[in-house]
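See structure below.
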Amino acid sequence: MTHPTLTARRQRAALLGGSLVLVLLTACYADPRPAGTASAAPRPASTPATAATAAGLTAQQRLNLLADTISTAPADTTDGLPYTYLHLQSWTRASTTIVRTDVRRWRHDADGSGREMIRRAPDLHGLNHQPTPQERQEFSRAVPHTLHHGIGDLHPHLSGDIPANPRELIRLLAPPALADEPAYPRILASGIVELATSQHLNPRQRATTLRALAAAPHLTYNKGTTTDLAGRTGMSFQIVADGSTSTLLIHPDTGDLLAATEWVNRGRRPGLYSYTLLLAHGRTRSPDMPTSPTTAAAVTRLR
């Protein structure tokens with residue numbers, strides 16, 4: 001099912017014609033240029049975040065509008081460097097236990113080799129657990145373990161180029177044969193999360209991913225502000241299907257995935273299935289250096 005997409009200019013004109021006043025407080029990003037250079041041009045008064053978070057839009061319209069007006073992130077300047085860098089923190093179900101992991105991963109894009117630095121906080125027994133910001137401090141106290149991976153050992157979620165056509169991307173992320181099954185929306189949401197948390201996505205690829213998410217059945221938008229465990233506020237989209245609730249938190253300017261949650265609502269073992277923070281992504285010259293800051297690590301506040 002397709003949904004009509006307004007261009008950013010037409011959308012803003014429609015909002016102004018209705019005398020709608022929107023207020024957006026966004027985080028300020030540091031200017032990476034040396035002191036004494038000319039300041040950057042001011043951001044336009046009506047930004048992609050303003051349009052995508054406006055009142056009266058459907059979840060599908062918000063995602064498609066953001067995809068049309070997506071902005072670049074600092075990490076996008078790292079394109080062309082050989083290693084993909086990811087920093088993830090996750091709470092993941094393992095039988096009746098929640099496993100808490102902090103992973104920094106460097107993957108050589110050409111041959112699939114690389115390095116991981118992993119910290120494990122103590123496992124938690126029981127599944128009815130809501131992760132808290134305070135828990136993140138336990139990762140810094142854990143002893144790091146380094147794993148070195150040989151050629152072909154580290155893989156992105158999708159091999160090869162990510163298609164620009166959202167329909168083609170959807171077919172790769174969720175089997176078309178399952179399109180009529182109750183689990184299909186959950187599988188598609190999970191595929192989108194796996195894609196974003198396994199490789200750096202450039203603006204075009206993030207836009208395609210947003211359009212793929214917009215096509216997911218049972219998609220809704222959670223009004224108001226939603227903040228993840230790292231204190232970042234974004235646009236929250238939810239899919240309730242197959243006895244579970246999947247929630248994706250999207251940066252309202254760059255389209256970056258900030259956090260994702262899956263909660264099992266019923267069955268023999270209801271409770272948390274997974275919670276993932278995507279704290280940084282980009283590319284580096286070697287597996288021994290961090291990436292540049294990303295907008296995924298910035299705090300954007302919506303009103």
Side-chain angles (χ1 to χ4, degrees), residues 59 86-105 116 118-145 157 173-174 178 181-198 213 216-251 256-280 296-297 299-302:
L86 293 164
H87 183 195
L88 307 171
Q89 290 179 346
S90 64
W91 286 248
T92 307
R93 173 184 300 212
S95 185
T96 59
T97 301
I98 299 298
V99 178
R100 300 179 293 175
T101 311
D102 178 290
V103 177
R104 297 173 189 264
R105 178 182 302 128
E116 291 182 298
I118 301 173
R119 297 175 186 265
R120 283 276 302 271
D123 295 348
L124 299 175
H125 297 288
L127 303 176
N128 190 25
H129 176 70
Q130 292 282 3
T132 67
Q134 291 73 26
E135 289 180 57
R136 299 184 62 224
Q137 300 174 9
E138 298 188 38
F139 292 126
S140 62
R141 295 192 289 266
V143 177
H145 297 277
H157 186 62
L173 296 177
L178 300 179
E181 297 295 326
Y184 180 79
R186 177 177 59 79
I187 294 172
L188 178 54
S190 178
I192 290 171
V193 173
E194 289 290 337
L195 180 66
T197 56
S198 71
L213 179 60
H218 309 308
L219 179 73
T220 58
Y221 173 69
N222 297 321
K223 297 179 181 179
T225 60
T226 302
T227 305
D228 67 13
L229 298 186
R232 305 169 300 176
T233 304
M235 302 173 65
S236 177
F237 296 89
Q238 193 172 83
I239 294 174
V240 180
D242 194 35
S244 72
T245 299
S246 301
T247 305
L248 284 71
L249 190 65
I250 306 294
H251 192 287
D256 277 308
L257 176 70
L258 301 178
T261 310
E262 185 174 354
W263 188 271
V264 178
N265 302 322
R266 62 173 186 262
R268 292 188 302 116
R269 295 179 178 176
L272 181 67
Y273 187 79
S274 66
Y275 183 99
T276 303
L277 289 172
L278 176 53
L279 295 169
V299 179
T300 301
R301 303 194 181 280
L302 309 179

Name each donor-acceptor pair under 3.5 Å that joins a side chain in residues 185-195 to protein atoms two or more places apart or in another chain, with its distance.
from : atom 1 : to   : atom 2 : distance (Å)
R186 : NE     : D242 : OD2    : 3.3
R186 : NH2    : D242 : OD2    : 3.0

Pair up each side-chain donor or acceptor in residues 262-274 with any protein partner under 3.5 Å, not counting sequence neighbours, and list the distances.
from : atom 1 : to   : atom 2 : distance (Å)
E262 : OE2    : S244 : OG     : 3.3
N265 : OD1    : T245 : OG1    : 3.4
N265 : ND2    : T245 : OG1    : 3.0

Under 3.5 Å, which donor-acceptor pairs do the side chains of residues 137-145 form with other protein atoms, sequence neighbours left out?
from : atom 1 : to   : atom 2 : distance (Å)
E138 : OE1    : R100 : NH2    : 3.0
E138 : OE2    : R100 : NH1    : 3.3
S140 : OG     : Q137 : O      : 2.7

Pairs under 3.5 angstrom only: tabulate donor-acceptor contacts from the side chains of residues 124-134 to other protein residues two or more places apart or in another chain.
from : atom 1 : to   : atom 2 : distance (Å)
H129 : NE2    : E135 : OE1    : 3.3
H129 : NE2    : E135 : OE2    : 2.8
T132 : OG1    : E135 : N      : 3.4

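The nearest pair of heavy atoms linking L258 to T233 is CD1-O, 4.3 Å. In terms of heavy-atom proximity, Y184 sits nearest to L178 at CB-O, 3.1 Å. Between S198 and L86, the closest heavy-atom pair is C-CD1, 3.4 Å. Here the shortest heavy-atom pairing between I118 and T101 reads CG2-CG2, 3.7 Å. Nearest heavy-atom pair, F237 versus I250, reported as atom, atom and distance to 0.1 Å: CD1-CG1, 3.9 Å.
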ask   = Should L213 and I239 be marked as a side chain to side chain contact (heavy atoms under 4.5 Å, CB included) after you check the CA-CA gap, both sets of side-chain angles, and the distance that decides it?
value = CA-CA 10 Å; L213 179 60; I239 294 174; 4.3 Å; yes
key: CA sep, side-chain torsions, deciding dist, call: D102, H87, side chain to side chain contact (heavy atoms under 4.5 Å, CB included)   = CA-CA 8 Å; D102 178 290; H87 183 195; 3.0 Å; yes
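Tested against S236, the residues D228, N222, T227, T247 include a single side chain to side chain donor-acceptor pair (under 3.5 Å) partner, N222. Screening L277, D256, L249 for a side-chain contact (heavy atoms from CB on, under 4.5 Å) involving R232 leaves a single residue, L277.
Applying the side-chain hydrogen bond (donor to acceptor under 3.5 Å, both in side chains) criterion to R136, with sequence neighbours excluded, gives Q89. Shown here are the side-chain hydrogen bond (donor to acceptor under 3.5 Å, both in side chains) partners of R105, two or more places apart in sequence or in another chain: E116.
Counting only heavy atoms from C-beta outward, the side chains of L257 and T276 never approach each other to under 4.5 Å.
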